[in-house]
Amino acid sequence: MNITVHVPSPLRACCQGASELSLSAASVRAALEEIERSHPSLYRSVCDETGAVRRHVNLFVNTDHVRDRDGLDTALVAGDILTIMPAVSGG
C-alpha cells in the first residue's frame with residue numbers, strides 16, 4: 001500500500017530536494033525503516049541512534065499526532081499522509 005511522506009523544507013536536502021516521498025509501508029515504524037534504507041540522512045534527522053524519534057521532531061498521520069494513536073506502531077492504509085514536522089523555536 002502506498003503512502004505519502006511530506007518532507008519539510010529544512011530536511012529536503014536529505015532526499016535530493018523532494019517535498020514528498022511515496023512509500024509502501026503498513027505502519028509508521030515500517031515507513032521509517034524504508035526511509036532509513038532509501039534516504040539514510042533523512043532518517044538520521046528524524047530518528048536518533050537508538051531508532052527513537054528525536055524530541056524536536058513530530059510525526060503526524062493525516063491530522064493525528066502519532067503519540068495520540070499507537071506511536072510508531074500506528075497502522076497506515078493506502079493514501080495516508082505521514083508528515084514530518086520539526087519543532088520551530090526562536091526568539
Side-chain angles (χ1 to χ4, degrees):
M1 80 192 71
N2 278 348
I3 61 134
T4 301
V5 179
H6 281 185
V7 181
S9 296
L11 298 179
R12 290 180 185 164
C14 298
C15 51
Q16 296 78 41
S19 61
E20 294 183 346
L21 303 173
S22 181
L23 305 176
S24 180
S27 69
V28 172
R29 185 181 313 279
L32 291 174
E33 290 168 353
E34 180 62 30
I35 290 170
E36 182 178 24
R37 284 188 291 277
S38 60
H39 302 287
S41 60
L42 176 59
Y43 177 81
R44 287 189 304 271
S45 295
V46 174
C47 296
D48 65 18
E49 56 282 344
T50 68
V53 176
R54 294 183 182 279
R55 285 187 323 140
H56 67 278
V57 175
N58 295 293
L59 298 177
F60 292 85
V61 174
N62 301 319
T63 59
D64 298 323
H65 197 293
V66 296
R67 77 170 157 239
D68 296 332
R69 294 181 66 184
D70 293 324
L72 296 182
D73 295 321
T74 298
L76 299 173
V77 297
D80 276 348
I81 298 171
L82 176 63
T83 302
I84 302 169
M85 186 158 309
V88 177
S89 63

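Between L59 and L32 the shortest side-chain heavy-atom distance falls below 4.5 Å. The closest side-chain heavy-atom distance from P8 to M85 is not below 4.5 Å. Considering only heavy atoms from C-beta on, D48 stays 4.5 Å or farther from R55 through its side chain. Using a 4.5 Å heavy-atom cutoff, the side chains of Q16 and H39 are in contact. Within the 4.5 Å cutoff, the side chain of N2 has heavy atoms near those of the S24 side chain.
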Report task. Begin with the C-alpha distance, continue with both residues' side-chain angles, and end with the deciding distance and a verdict on side chain to side chain contact (heavy atoms under 4.5 Å, CB included) for L21 and L82. Result -> CA-CA 10 Å; L21 303 173; L82 176 63; over 6 Å; no
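Side-chain N or O atoms of R54 include one that pairs as donor or acceptor with a backbone N or O of R44 at under 3.5 Å. A distance-only check finds a donor-acceptor pair linking the side chain of S41 to the backbone of C14 [under 3.5 Å].
Heavy atoms only, all atoms of each residue included: V7 and R12 are closest at O-NE, 2.9 Å. The two residues L11 and S45 have their closest heavy-atom pair at CD2-CB, 3.7 Å. Among all heavy-atom pairs drawn from A31 and I3, the shortest one is CB-CD1, 4.2 Å.
Looking at D80, L76, D73, D70 one by one, the single match for side-chain contact (heavy atoms from CB on, under 4.5 Å) with V28 turns out to be L76.
With rounding to the nearest 0.5 Å, the separation of OG in S27 from CD in E33 is 7.0 Å. Rounded to the nearest 0.5 angstrom, H6 NE2 and T83 OG1 are separated by 5.5 Å.
Follow the hydrophobic side-chain contacts under 4.5 Å out from I35 and you never reach F60; the two are in separate clusters.
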